[in-house]
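Structure first, commentary second.
Here the structure is a predicted model, which is why all the values come from computation and not from measurement.
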Amino acid sequence: MFRVNFNLKYFILCLLILAVCLSVSAQKKTVQKDVLATFEKNIEQGKLDVTERPLLDYALANPNNVRALELVGRLRLRQGRLEEAKAVYQRVVKLDAKFTTAKINYGTILYEIGQIDEARQVLNDINPAEITDAIARLNLAKSLTFVGEFQKSLEIADKLPLAIKNAEALPTLAICYQALNDKTKFDSLIPLAKKNVSAKPDVALKFAEVMLNAGMNPPAIELLRAIMTTSPKNIQALILLGKAEIYTKDFAKAKQDLARAAGLEPQSADILFTQAMLENAQGNPVAALDLLSKAAVIEPNSTTILREFVVTAIRANQARKAVDAAEKLLSLKPDEPDFLYLYGAASLQNSGLDAAQKSLERFMQLRPNDSRGCLALGLTLAAERDQIEAARQQLQHCLEINPANYEAKYQLGLSYKAQGDTATAIKFLEETVALAPNYSLALRDLGTVYLQAGDEAKARIVLEKAVSLSPNDADTHFQLSRLYNLLGETELAKKHLEMFQKLKNSGGNSM
């Protein structure tokens with residue numbers, strides 16, 4: 001009897017201990033879940049600084065917790081630290097191949113760092129039918145648009161619950177319809193976007209941005225102004241409205257709306273960037289460069305800002321600044337073709353021919369049929385005295401890519417002009433002018449070669465047209481002075497010589 005009672009008591013004690021252990025385990029999991037939910041909420045709200053340290057500590061203490069690791073990857077993604085985010089997501093996907101959210105974000109990161117084929121493969125490997133969460137399916141549809149899978153994205157978005165399809169999914173549907181040239185269905189979404197102006201202004205904003213990217217400026221402006229009516233302090237709406245007004249050349253209103261936005265948020269890189277767009281649109285690259293410099297201080301690793309800075313610095317003839325910014329772009333994305341091109345173009349303008357040649361040759365390896373890079377490399381080689389034949393071969397390659405590339409023909413003409421091969425120079429320059437009848441520099445140089453060949457009649461026609469197109473080009477006035485002296489028209493010769501000297505002294509030359 002004693003033995004039976006002892007066994008019974010022991011059995012009951014074991015049950016109690018097991019119950020306590022299960023309760024503690026459940027509580028621990030609940031605490032972990034609550035902590036991770038807090039981390040996720042903070043990341044989505046942009047509270048990255050306050051989240052970083054505790055999240056990293058938690059992930060280090062729980063190295064195989066895929067949910068925690070995914071949040072670390074998401075944090076790095078939001079911070080723009082893409083290579084670190086990529087490494088984290090690689091581990092997450094390895095630990096849990098069915099973690100759909102992680103795979104979607106991993107594909108997005110691959111796209112962001114330029115690995116588009118790899119991103120497409122990762123995203124296409126995801127079976128939307130296995131995703132139970134509608135928002136996760138929407139995120140997959142969004143990511144598929146990044147890699148050009150518009151039909152597949154549309155099929156997913158079209159099957160979403162109606163409440164999501166008519167709201168959060170509208171921008172994605174619009175992108176797909178625009179890419180697939182289905183204007184009727186695109187237009188059918190506009191009334192739905194207007195219905196979201198009050199309830200979900202973020203959705204309406206994203207839809208307006210899609211319209212701007214599609215060149216639908218007037219309806220985008222109408223939608224943005226409706227948003228401003230219900231949300232007068234919506235900074236993002238003001239920025240997009242400013243962009244739309246720049247596109248429609250309503251510069252006064254753009255300046256006013258961007259000033260309102262700056263008053264609400266003085267230290268916004270987006271506002272400064274858009275103000276720089278406004279200055280560039282009005283032909284003020286120096287002012288635009290100053291605004292972009294300020295934007296880069298706020299967001300030093302923004303490739304969008306840095307890229308625009310390089311382009312604007314080149315336009316403003318500030319080649320050293322362009323080179324420095326392009327170097328930073330390449331440090332962020334070493335194999336990005338566009339950044340290699342920009343670094344090559346900036347180095348060429350800055351007379352760094354070796355750096356330009358290396359960068360542009362790498363660009364052409366990645367994009368062998370890009371006429372823009374082909375021409376830039378040709379110009380670089382042409383600037384090197386011992387590379388004239390290589391330059392001509394490169395420029396001929398540009399014509400193989402695009403026979404209508406008049407700039408390549410022009411540069412070939414100049415190369416033969418420089419070596420005194422008048423007949424070949426005339427051939428290429430005449431072909432240039434046939435393709436671009438109002439190209440004043442080509443007209444000027446063709447007139448100069450006609451003079452060298454003793455054909456004053458032809459020279460007169462093209463030089464007089466060149467000066468009418470570009471009256472502030474000093475060299476054209478000099479060639480006209482030579483021509484009129486040869487023709488015995490001394491008063492005209494004197495007039496153009498005076499114009500040449502005046503423009504030279506004031507720094508005027510070519511366009």
Side-chain angles (χ1 to χ4, degrees), residues 311 314-315 317 319 322-323 337-338 340-365 367-453 458-459 462-463 465-467 469-470 473-476 478-479 509-511:
V311 172
I314 290 173
R315 192 179 296 131
N317 292 317
V323 169
D338 283 341
L340 285 164
Y341 171 78
L342 287 173
Y343 180 68
S347 297
L348 175 59
Q349 188 184 49
N350 198 45
S351 300
L353 299 181
D354 287 342
Q357 183 175 339
K358 289 177 183 177
S359 187
L360 291 168
E361 283 176 343
R362 174 64 179 146
F363 173 83
M364 290 305 297
Q365 288 174 356
R367 291 187 179 171
N369 294 319
D370 189 294
S371 59
R372 176 189 58 165
C374 180
L375 180 62
L377 181 54
L379 290 171
T380 301
L381 294 169
E384 302 178 45
R385 291 183 180 180
D386 60 343
Q387 296 271 30
I388 188 66
E389 286 305 320
R392 286 175 180 164
Q393 289 177 14
Q394 184 66 31
L395 292 167
Q396 289 286 3
H397 177 57
C398 297
L399 293 176
E400 291 170 5
I401 296 171
N402 178 15
N405 189 334
Y406 62 84
E407 187 64 39
K409 287 182 180 291
Y410 175 55
Q411 295 300 328
L412 280 165
L414 291 182
S415 76
Y416 288 104
K417 174 177 175 284
Q419 289 193 324
D421 188 343
T422 304
T424 309
I426 287 174
K427 171 184 175 295
F428 280 110
L429 291 170
E430 285 180 341
E431 289 176 0
T432 302
V433 171
L435 289 169
N438 294 325
Y439 192 176
S440 63
L441 296 182
L443 289 164
R444 178 197 67 193
D445 289 310
L446 178 57
T448 303
V449 182
Y450 279 148
L451 276 180
Q452 292 171 355
K458 285 185 178 179
V462 293
L463 286 172
K465 183 175 181 180
V467 81
L469 291 167
S470 185
D473 182 71
D475 289 344
T476 305
F478 179 75
Q479 298 302 330
N509 190 19
S510 60
M511 294 190 306

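- Remark: Asp421 pairs with Thr424 by the side chain to side chain donor-acceptor pair (under 3.5 Å) rule, at least two apart or across chains.
- Nearest heavy-atom pair across Arg444 and Leu463 is O-CD2, 3.6 Å.
- Here Leu414 contributes atom CG and Leu379 contributes atom CG; the two are 9.5 Å apart, rounded to the nearest 0.5 Å.
- Around CZ of Phe478, the count of heavy atoms belonging to other residues, nucleotides or ligands within 6.0 Å does not exceed 12.
- Looking at residues two or more places apart in sequence or on another chain, you find a ring pair (Phe, Tyr, Trp, His ring centres under 6.0 Å) between Tyr410 and Tyr439.
- Listed by chain and residue number, Tyr341, Leu360 satisfy the side chain to side chain contact (heavy atoms under 4.5 Å, CB included) test with Ala376 (two or more places apart in sequence, or in another chain).
- Going from atom CD of Gln357 over to atom CG of Leu377 covers 6.5 Å, rounded to the nearest 0.5 Å.
- Judged by distance alone, with hydrogens and angles left aside, the side-chain atoms of Ser347 form a donor-acceptor pair with the main-chain N or O of Tyr343 at under 3.5 Å.
- Within the structure, no pair that satisfies the ring-ring contact (aromatic ring centres under 6.0 Å, His included) test touches residues 370-397, not counting sequence neighbours.
- Among residues two or more places apart in sequence or in another chain, the side chain to side chain contact (heavy atoms under 4.5 Å, CB included) test is passed with Thr422 by Ile426, Val449, Gln452, Ala453.
- Under the side chain to side chain donor-acceptor pair (under 3.5 Å) criterion, Asn350 pairs with no residue, sequence neighbours left out.
- Here the closest heavy-atom approach between residue Ala425 and residue Lys417 is recorded as CB-N, 3.6 Å.
- Listed by first then second residue, pairs satisfying salt bridge (charged side-chain N to carboxylate O under 4.0 Å, His left out) with a partner in residues 375-391 read Glu389-Arg392, not counting sequence neighbours.
- To the nearest 0.5 Å, atom CG of residue Asp370 and atom CG of residue Leu375 are 10.5 Å apart.
- To the nearest 0.5 Å, the span separating CD on Gln411 from CG on Leu381 amounts to 12.0 Å.
- Looking at heavy atoms from C-beta onward, Leu399 lies in side-chain contact with Leu412 at the 4.5 angstrom threshold.
- The backbone N or O of Ala466 lies less than 3.5 Å from no partner atom in the side chain of Ser440, so there is not a single donor-acceptor pair.
- Residue pairs that meet the salt bridge (charged side-chain N to carboxylate O under 4.0 Å, His left out) test with at least one member in residues 427-440, sequence neighbours left out, are Lys409-Glu431, Lys427-Glu431.
- In this structure, Met364 CE and Leu340 CG are separated by 12.0 Å, a value rounded to the nearest 0.5 Å.
- Partners of Val462 under the side chain to side chain contact (heavy atoms under 4.5 Å, CB included) rule, at least two apart in sequence or in another chain, are Leu443, Leu446, Tyr450.
- Screening residues 340-365 for salt bridge (charged side-chain N to carboxylate O under 4.0 Å, His left out) gives Asp335-Arg362 as the qualifying pairs, with residues at least two apart or on separate chains.
- Atom CD of Gln387 is separated from atom CD of Gln394 by 10.5 Å, given to the nearest 0.5 angstrom.
- Each salt bridge (charged side-chain N to carboxylate O under 4.0 Å, His left out) pair with one or both residues in residues 432-441, not counting sequence neighbours, would appear here, but there are none.
- Closest approach of Ala459 to Gly447, counting heavy atoms only: CB-O, 3.6 Å.
- The nearest pair of heavy atoms linking Ala356 to Leu348 is CB-N, 3.7 Å.
- Across Gly413 and Leu429, no two heavy atoms sit closer than the pair CA-CG, 4.2 Å.
- Annotation: disulfide bond (SG atoms under 2.5 Å apart) contacts involving residues 367-421, sequence neighbours excluded, comprise Cys374-Cys398.
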Practice problem: With side chain to side chain contact (heavy atoms under 4.5 Å, CB included) as the test, would you mind laying out the steps for Asp473 and Gln479 before giving the verdict? | Solution: CA-CA 11 Å; Asp473 182 71; Gln479 298 302 330; over 6 Å; no
